[in-house]
Asks: 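Structure incoming, see below.
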Amino acid sequence: MLVEVKKLAEKPFSLVLAYPRPDEAVLRDRMRQLEELGITHVEFCGRKSIGKLNVLGKGHVGVVLAARTKSGLKVALKVRRVDADREDLGHEAEMLKLANSVGVGPKLLAHTSDIIVMEFIEGQHLPEWLSAGPSREQVLDVLRKLFVKCWKLDQIGLDHGELSRAHSHVLVEPKGPSAFEPRLVDFESASTRRRPSNLTSICQYIFIGGLSGLVARILGLPDREELIRALRAYKARMGRDELNRVLAVCGLVRHI
């Protein structure tokens, strides 16, 4: 369902624009912000729902929507919830901009205090993609790329903050007939003020924690004690050699 921005102040769309308590002043301000950002339409699609409307995502901080710009570009919008535990989305936008500096995350296109406009990523969440029957080589390639991206975040001191439970934070994007690219999304909990643990968190999630059963059926699992030793060594230094050791222990043997 594609809806013009000028109609978003009307029910039932107003609930999505200023979730969960829309009022006239907030709606007017958000309509102004959308106009400032060059958004012309919002597309109600996705697996989450607010009332009878489908959305891409709904979290503690914001609602994620598909939208169109004046040029016709399809983008993703994150719209701050009225009851969010933060006054604006400025910090999240800065964290995403920093991640973009090393080629990680959806591209930040623009933002205001209450809305972030970013690249729209067409893909499946990692558990869903793994369940869909990719080949062993495709899984190895995606995990290798994912680990390297997490290492790049570690190198710049940016901790994603949610990768120990990454079921909804990694999308796998098709890049051709048999190629895929892992994309890290949702930087609302990201910080440069704590020690980064992106690679150790995602590795534990995949090979020890929530995804280990699914991954075991496709790849098998590395020796647990050897993996823990490699992760401890990585945590101490976070260098290229330590990364390559983790990749090797996990069977992702191509060195960078």
Side-chain angles (χ1 to χ4, degrees), residues 1-10 12-19 26-50 53-59 61-81 84 88-126 128-129 142 145 149 152-153 160 168-177 179-188 190:
M1 185 193 307
L2 204 60
V3 177
E4 290 180 278
V5 163
K6 65 183 180 182
K7 295 183 179 179
L8 294 181
E10 304 171 6
F13 313 117
S14 58
L15 179 61
V16 173
L17 190 59
Y19 184 81
V26 171
L27 288 169
R28 276 200 308 270
D29 188 51
R30 298 210 166 167
M31 298 281 282
R32 176 193 60 77
Q33 291 181 55
L34 287 170
E35 183 177 356
E36 178 184 323
L37 292 166
I39 303 300
T40 60
H41 294 78
V42 166
E43 181 179 353
F44 290 97
C45 61
R47 296 187 177 183
K48 301 292 184 178
S49 62
I50 293 178
L53 297 173
N54 294 102
V55 297
L56 297 177
K58 181 176 69 173
V61 173
V63 175
V64 183
L65 306 166
R68 299 289 194 283
T69 67
K70 289 177 180 177
S71 65
L73 179 67
K74 187 173 183 177
V75 296
L77 302 181
K78 183 163 188 177
V79 182
R80 188 179 68 86
R81 290 175 56 139
D88 60 57
L89 296 180
H91 174 76
E92 183 175 347
E94 286 304 310
M95 294 298 98
L96 181 55
K97 182 179 180 181
L98 182 57
N100 287 175
S101 73
V102 290
V104 178
K107 291 173 185 158
L108 174 67
L109 302 176
H111 74 93
T112 58
S113 59
D114 295 313
I115 301 169
I116 295 175
V117 185
M118 53 197 153
E119 173 191 8
F120 182 87
I121 298 173
E122 193 79 59
Q124 296 175 295
H125 289 115
L126 181 58
E128 181 184 14
W129 179 76
V142 163
K145 290 174 179 175
K149 288 186 177 186
K152 288 180 177 180
L153 292 180
H160 182 282
S168 61
H169 300 292
V170 180
L171 291 175
V172 182
E173 181 183 28
K175 284 294 186 180
F180 296 90
E181 185 72 24
R183 306 294 301 275
L184 287 163
V185 298
D186 194 357
F187 284 77
E188 71 182 32

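From a predicted model like this one, the values you see are computed outputs, not experimental measurements. Side chains are part of it too, since the values below use all heavy atoms of this structure and drop only hydrogens, waters and symmetry mates.
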Asks: Are Val61 and Leu89 close enough, and set up right, to give a side-chain contact (heavy atoms from CB on, under 4.5 Å), and what steps lead you there?
Replies: CA-CA 9 Å; Val61 173; Leu89 296 180; 3.7 Å; yes
Asks: For Leu77 and Leu34, run side-chain contact (heavy atoms from CB on, under 4.5 Å): C-alpha distance rounded to whole Å, both residues' side-chain angles, the deciding distance at 0.1 Å, then the answer.
Replies: CA-CA 10 Å; Leu77 302 181; Leu34 287 170; 3.8 Å; yes
Asks: How would you list, by chain and number, every residue that makes a side-chain hydrogen bond (donor to acceptor under 3.5 Å, both in side chains) with Arg32, sequence neighbours excluded?
Replies: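 With neighbours one apart ignored, the set is Asp29, Glu36.
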Asks: Give, for atom CD1 of Ile116 and atom CZ of Phe187, the distance between the pair rounded to the nearest 0.5 Å.
Replies: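 CZ of Phe187 is found 11.0 Å from CD1 of Ile116.
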Asks: Step through the shown structure and confirm whether more than 12 heavy atoms of other residues, nucleotides or ligands are within 6.0 Å of NZ on Lys145.
Replies: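 Atom NZ in Lys145 is crowded, with more than 12 foreign heavy atoms closer than 6.0 Å.
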Asks: A quick test of your reading: do over 12 heavy atoms of other residues, nucleotides or ligands sit less than 6.0 Å from CD of Glu128?
Replies: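 Atom CD in Glu128 is packed in, count exceeds 12.
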Asks: Compare every heavy atom of Gly123 with every heavy atom of Leu171, then report the nearest pair and how far apart it is.
Replies: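 That would be CD2-O, 4.0 Å.
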Asks: Look only at the side chain of Arg28 and the backbone of Ala9, and say whether a donor-acceptor pair between them is shorter than 3.5 Å.
Replies: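 No, because the side chain of Arg28 does not come within donor-acceptor range (under 3.5 Å) of the backbone of Ala9.
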Asks: Please list, chain by chain and in numerical order, all residues satisfying side-chain hydrogen bond (donor to acceptor under 3.5 Å, both in side chains) with Arg80, sequence neighbours excluded.
Replies: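 Partners of Arg80 by the side-chain hydrogen bond (donor to acceptor under 3.5 Å, both in side chains) criterion, ordered by chain and then number, come out as Asp114.
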Asks: Minimum heavy-atom separation for Ala93 to Leu108, with atom names?
Replies: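 For Ala93 and Leu108, the tightest heavy-atom pair comes out as O-CD2, 3.5 Å.
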Asks: Which residues satisfy the side-chain hydrogen bond (donor to acceptor under 3.5 Å, both in side chains) test with Thr112, sequence neighbours excluded?
Replies: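 In terms of side-chain hydrogen bond (donor to acceptor under 3.5 Å, both in side chains), with neighbours along the sequence ignored, Thr112 is linked to Gln33.
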Asks: Working to the nearest 0.5 angstrom, can you tell me the gap between Glu10 CD and Leu27 CG?
Replies: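 One finds 11.0 Å between CD of Glu10 and CG of Leu27.
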Asks: How would you list all residue pairs meeting salt bridge (Lys or Arg N to Asp or Glu O under 4.0 Å) that involve residues 67-76, not counting sequence neighbours?
Replies: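 Counting only pairs at least two positions apart or across chains, the salt bridge (Lys or Arg N to Asp or Glu O under 4.0 Å) contacts touching residues 67-76 are Glu43-Arg68, Glu43-Lys74.
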Asks: List the steps and the verdict of side-chain contact (heavy atoms from CB on, under 4.5 Å) for Lys48 and Val63.
Replies: CA-CA 10 Å; Lys48 301 292 184 178; Val63 175; over 6 Å; no
Asks: Any side-chain hydrogen bond (donor to acceptor under 3.5 Å, both in side chains) involving residues 89-105? Give me the pairs, sequence neighbours left out, ordered by first then second residue.
Replies: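 Every side-chain hydrogen bond (donor to acceptor under 3.5 Å, both in side chains) pair that includes a residue of residues 89-105, provided the two are not neighbours, is Lys78-Glu92.
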Asks: Taking side-chain hydrogen bond (donor to acceptor under 3.5 Å, both in side chains) as the definition, give me every residue that meets it alongside Glu173, ordered by chain and number, with sequence neighbours left out.
Replies: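 Partners of Glu173 under the side-chain hydrogen bond (donor to acceptor under 3.5 Å, both in side chains) test: Arg183.
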Asks: Please tell me if the side chains of Leu109 and Leu37 come closer than 4.5 Å, counting only heavy atoms from C-beta onward.
Replies: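 Side-chain contact under 4.5 Å: no.
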Asks: Side chains of Lys149 and His160, heavy atoms from C-beta outward: is any pair under 4.5 Å?
Replies: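 The answer is no, as the side chains (C-beta and beyond) never meet within the 4.5 Å cut-off.
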Asks: Would you find a donor on one side and an acceptor on the other, under 3.5 Å apart, between the side chain of Asn54 and the backbone of Phe44?
Replies: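 Side chain of Asn54 to backbone of Phe44, a donor-acceptor pair under 3.5 Å: no, none is there.
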Asks: Under the side-chain contact (heavy atoms from CB on, under 4.5 Å) rule, what do Val16 and Val42 come out as? Steps first, then yes or no, please.
Replies: CA-CA 11 Å; Val16 173; Val42 166; over 6 Å; no
Asks: About how many Å separate CG of Leu96 and NE2 of His111, when rounded to the nearest 0.5 Å?
Replies: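 One gets 9.5 Å once the value is rounded to the nearest 0.5 Å.
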Asks: Side chains of Glu119 and Val75, heavy atoms from C-beta outward: is any pair under 4.5 Å?
Replies: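 The answer is no; the side chains never approach within 4.5 Å.
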Asks: With heavy-atom distances below 4.5 Å as the criterion, would you say the side chains of Thr69 and Ile39 are in contact?
Replies: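 A side-chain contact under 4.5 Å exists here.
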Asks: At what distance, to the nearest 0.5 angstrom, does CZ of Phe13 lie from CD of Glu4?
Replies: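 It comes to 10.5 Å.
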Asks: Under a 4.5 Å cut-off applied to non-hydrogen side-chain atoms, are Leu15 and Leu53 in contact?
Replies: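 No - every pair of side-chain heavy atoms lies 4.5 Å or more apart.
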Asks: If you round to the nearest 0.5 Å, how far is NE2 of His41 from CG of Leu8?
Replies: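 Nearest 0.5 Å value for the CG-NE2 distance: 10.0 Å.
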Asks: Look up atom CZ in Arg30 and atom OG in Ser14, then write down how far apart they are to the nearest 0.5 Å.
Replies: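 With rounding to 0.5 Å, CZ (Arg30) is 12.0 Å from OG (Ser14).
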